[in-house]
Amino acid sequence: MPLSYDTSSAAALPAATSALRSGLPRSRIFISNEFGLILLIVIFALVFGTMTHGFTSHFNLFTLGRNTAVNIMIGLSMMTVIVTGGLNLAVGAIGVCAAMLCGYALQVLHLPWPIALLLALALGAALGAVNGFAVVRTGLHSFIITLATMSIFYGVMIFLTRAEAYRNIPFGFVHFGSMKVLGDVSPLLLLALAVALALAALYRGSVLGREMLATGARREAAELSGIRTGRIITLCHMLSGALATVAALMLVARNGAAIPSMAGQLGQDWLLPAFLAPVLGGAVLNGGKAPVFGTCLGAALVSMLTSGLLLMQLGAFWVQTFLGLLLLLAMFLDKARRSYLAYRNLA
Amino acid sequence: MTDLDSDVVLSLRGVRKTFGPVVALKHMDLTVRRGRVHTLLGENGAGKSTLMKILAGVYTPTEGKMVLGGAPYAPVDPRDASDRGLAIVFQELSLCNNLTVAENILATREPSRAGFINDRRLVEQAEALVRELGLPIKVRMRVGALSIAQRQLVEIAKGLSHDADIVILDEPTSSLSDSEAEILFRIIERLKAAGKAIIYISHRMEEIMRLSDDITVIRDGEYVKTLDRNETTIEELIALMVGRRMDELYPARIGAPPDPASAPVLSVSSLTRAGEFEDISFDLRRGEILGFFGLIGSGRSEVMNAIFGMRRATGTVQLDGKPVSIRSASQAIAHGIGFVTENRKEEGLVLSHAVRPNISMAALASVSGRAGFLDTGRERREAQAEVKRLAIRTNSIETITGTLSGGNQQKIVLAKWLATKPRVLILDEPTRGVDVGAKFEIYRIIRQLAAEGTAIIMVSSELPEVLGLSDRVVILSEGRIGKIAPRSDLTPERVMRFATGHF
């Protein structure tokens with residue numbers, strides 16, 4: 001059961017062709033992204049489980065869950081903006097900036113860690129708001145805006161922190177990154193799933209979520225229906241900023257430090273998982289669709305492939321190459337799937 | 001069928017098209033002769049567009065024989081069809097908004113040397129064509145800056161820029177006003193005189209009766225009958241098309257018209273926006289249908305946009321006697337105004353979403369429960385109630401809107417606004433691109449709403465529709481009010497005189 005209310009797989013239902021009506025529900029499940037992803041996850045789990053040493057070890061399963069948690073948050077952060085038909089290239093930059101503020105608040109200001117977390121979330125949302133405001137005000141595509149703000153945010157952060165890490169993170173906080181619950185499960189994974197559930201509820205059952213989807217799918221129609229689309233788009237970017245912050249804070253907990261380079265130069269290391277998870281999950285780059293569950297599965301697949309390929313002793317470069325190919329393949333498959341649906345739809 | 005066979009340019013026998021299990025076109029026969037206008041008549045979904053796409057080389061027929069100019073015809077793609085002498089003007093605009101009129105008209109055939117486009121010659125060629133056709137369009141304008149009607153004229157010019165033996169026009173007048181339609185009709189007469197065959201698709205019975213020589217009726221993907229224009233009537237055609245007799249296209253008013261002395265619900269005075277409209281003043285009463293007629297460019301839609309808060313304008317708008325300032329769609333909705341815009345696919349609906357969220361889109365507040373969450377059970381019930389009330393033909397309320405026919409889509413736009421329980425409902429071209437059957441149902445809905453007390457403004461470029469439904473008519477001419485009169489004082493000729501400013 002997909003958690004997004006607008007499932008593109010359901011788009012196959014034509015109005016008046018009873019011949020199709022009887023045949024579709026079954027095939028609908030099989031061509032859905034979620035089904036394909038679960039299938040791939042099972043296949044690769046079997047492949048890695050039999051072909052590598054240590055894929056099913058307690059340690060590997062624990063780190064895999066933890067990495068999946070981070071990738072889910074990164075993917076959802078991108079998804080919330082893809083919903084509007086836009087992109088957020090600054091997910092990594094925003095996340096790192098917020099995480100550095102958290103580190104500063106803990107190490108320099110000696111604030112209690114829950115307050116530091118809240119400050120970081122507020123900064124993440126605020127930087128997202130800057131993106132959203134700029135997109136709405138200028139009417140430029142978010143690609144350009146976030147490409148610019150990615151460099152600006154990151155550059156200012158490097159200037160302010162002098163590119164130095166904050167390593168004085170209280171144990172209470174760091175403990176989340178290393179503790180295990182329910183066997184080998186990282187609490188970070190549970191947190192990621194809880195956030196995903198909340199987002200699913202937002203898109204499926206709330207007025208705001210509905211307004212976000214309508215704005216993303218057809219802004220003019222939404223505006224004329226009384227939805228303040230400018231505000232909605234800004235809110236989507238704020239949500240994206242906050243989710244990117246959660247991802248970065250998870251890394252802080254895992255590393256025990258807030259490090260300026262934790263998402264690579266300009267935060268670019270996050271871009272591949274950020275696109276892969278929602279695109280594999282069934283998000284439409286034109287907007288209007290929020291496959292929360294699919295994005296989680298996409299993130300899980302990406303994390304698993306990374307872990308498995310590294311265990312197979314492939315170089316990190318090959319993993320990147322492989323993930324890049326996967327992104328292309330996902331786009332091709334999505335295109336083929338949509339033209340198939342459009343074809344079945346003709347009558 | 002007494003004409004000489006040498007006059008036949010295109011003939012189809014037993015053409016059939018299926019997509020997997022879906023039959024889009026069951027059985028089609030067609031004989032098209034040179035120098036004649038052959039109209040295809042059928043409700044939306046009858047198979048006309050499939051047939052067009054087969055002729056255009058977009059689809060290959062599953063079965064059947066096609067003969068063009070004495071040789072078998074089996075186009076592999078649109079380019080092939082055009083090489084064989086077919087020119088097609090599509091109903092869906094196929095223009096690039098970011099290019100100029102000239103660039104669009106001569107797209108893919110730009111005069112060039114060594115790969116560089118000769119701009120001067122491009123403009124000259126396009127200008128010559130536009131002048132020859134008598135179109136009031138500047139070829140250097142960007143298409144995006146043109147109105148929908150002007151774009152339609154560009155589309156026609158583009159189609160006719162190929163030297164073709166057969167010209168197919170798919171609902172060319174759907175967004176033209178009467179005066180622009182006249183330009184098109186003159187072009188068609190000239191093409192006829194030049195010995196071209198014209199295949200014409202339209203829903204407007206008046207123009208079909210005026211232009212056609214032969215009329216072929218299609219119903220449910222199947223050939224029904226070909227008639228000579230002089231030996232048939234509108235009533236017979238409609239009966240053949242819908243498979244039942246339709247006694248009256250415009251349902252009669254239910255109850256007495258509103259008392260002209262009663263207090264108006266909506267009162268607009270001196271509404272002005274420089275360059276678009278000036279000094280627009282009128283009243284609208286409970287239960288009244290106020291027609292708004294004007295030619296393209298008269299400012300009809302612009303006035304409605306201003307009332308709905310989508311455009312700034314000076315002047316005052318009063319609701320129930322109280323002045324209101326409406327600066328956004330959400331404020332307009334809060335004041336009980338609904339607005340069915342003319343552009344259903346872009347401004348009316350989210351085509352990629354299901355019926356249910358589309359119906360509730362403008363009334364989310366009314367279906368929300370606690371803490372900003374939707375009461376989905378209630379949303380479902382209300383959507384279901386609207387679907388039933390407006391007789392929207394859809395599998396379920398979870399069907400994707402884009403898969404429904406134009407008429408049903410339009411009813412969903414209506415349902416969306418009815419869900420907001422408006423006091424004032426503005427309808428801009430409520431039956432554009434909708435087949436006769438759905439048109440009749442929409443008219444009935446409008447009547448019913450008025451009878452329930454909704455005050456309705458109906459903007460339309462179809463004069464019979466305006467005169468058929470309105471209690472009073474506001475006639476706009478170049479951004480000003482030419483006349484406001486009760487329906488009973490107006491004839492089509494009088495309306496046109498006021499609309500063109502010649503009285």
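All chains are named by letter (A, B, ...) in the order of the sequence lines, taking the proteins before the strands, and each is independently numbered beginning at 1.
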Under 4.5 Å from any heavy atom of chain A, what part of [X] do you find: side chain, backbone, both or neither?
X	result
B:Gln331	neither
B:Thr341	side chain
B:Ser360	side chain

A:Arg210 and its side chain to side chain contact (heavy atoms under 4.5 Å, CB included) partner, picked from B:His353, B:Met361, B:Glu379: B:Glu379
The single option from B:Leu349, B:Asn358, B:Val350, B:Leu351 passing side chain to side chain contact (heavy atoms under 4.5 Å, CB included) against A:Arg218: B:Val350
B:Thr376 side, atom OG1; A:Arg204 side, atom CZ - distance, nearest 0.5 Å: 8.0 Å
Salt bridge present between B:Glu346 and A:Arg219 (N-O < 4.0 angstrom): no
Flag side-chain contact, heavy atom, 4.5 Å: A:Val207 against B:Phe373: no
Test log, rule side chain to side chain contact (heavy atoms under 4.5 Å, CB included), inputs A:Arg228 and B:Ser328: CA-CA 9 Å; A:Arg228 275 169 254 174; B:Ser328 69; 5.5 Å; no
With sequence neighbours excluded, residues passing side-chain contact (heavy atoms from CB on, under 4.5 Å) with A:Ala120: A:Ala98, A:Cys102, A:Thr245, A:Leu249
Those residues that, when tested against A:Ala192, pass side-chain contact (heavy atoms from CB on, under 4.5 Å) (two or more places apart): A:Ala69, A:Ile72, A:Met73, A:Met250
Option that, when pairs with chain B are counted at under 4.5 Å, heavy atom only, ranks first among A:Ala217, A:Gly205, A:Ala201: A:Gly205
Heavy-atom contacts under 4.5 Å, residues 362-372 of chain B to chain A: B:Ala362, B:Leu364, B:Ser368, B:Gly372
Chain A interface, residue from B:Gly402, B:Gly348, B:Ser330 that has the most non-hydrogen pairs under 4.5 Å: B:Ser330
Nearest heavy-atom neighbours spanning B:Phe308 and A:Leu224: CE2-O, 3.5 Å
A:Glu223/B:Met310 under side chain to side chain contact (heavy atoms under 4.5 Å, CB included): CA gap, chis, key distance, verdict: CA-CA 9 Å; A:Glu223 181 74 39; B:Met310 302 300 287; 3.9 Å; yes
Pairs involving residues 133-147 of chain A, ordered by first then second residue, that meet side-chain hydrogen bond (donor to acceptor under 3.5 Å, both in side chains) (sequence neighbours left out): none
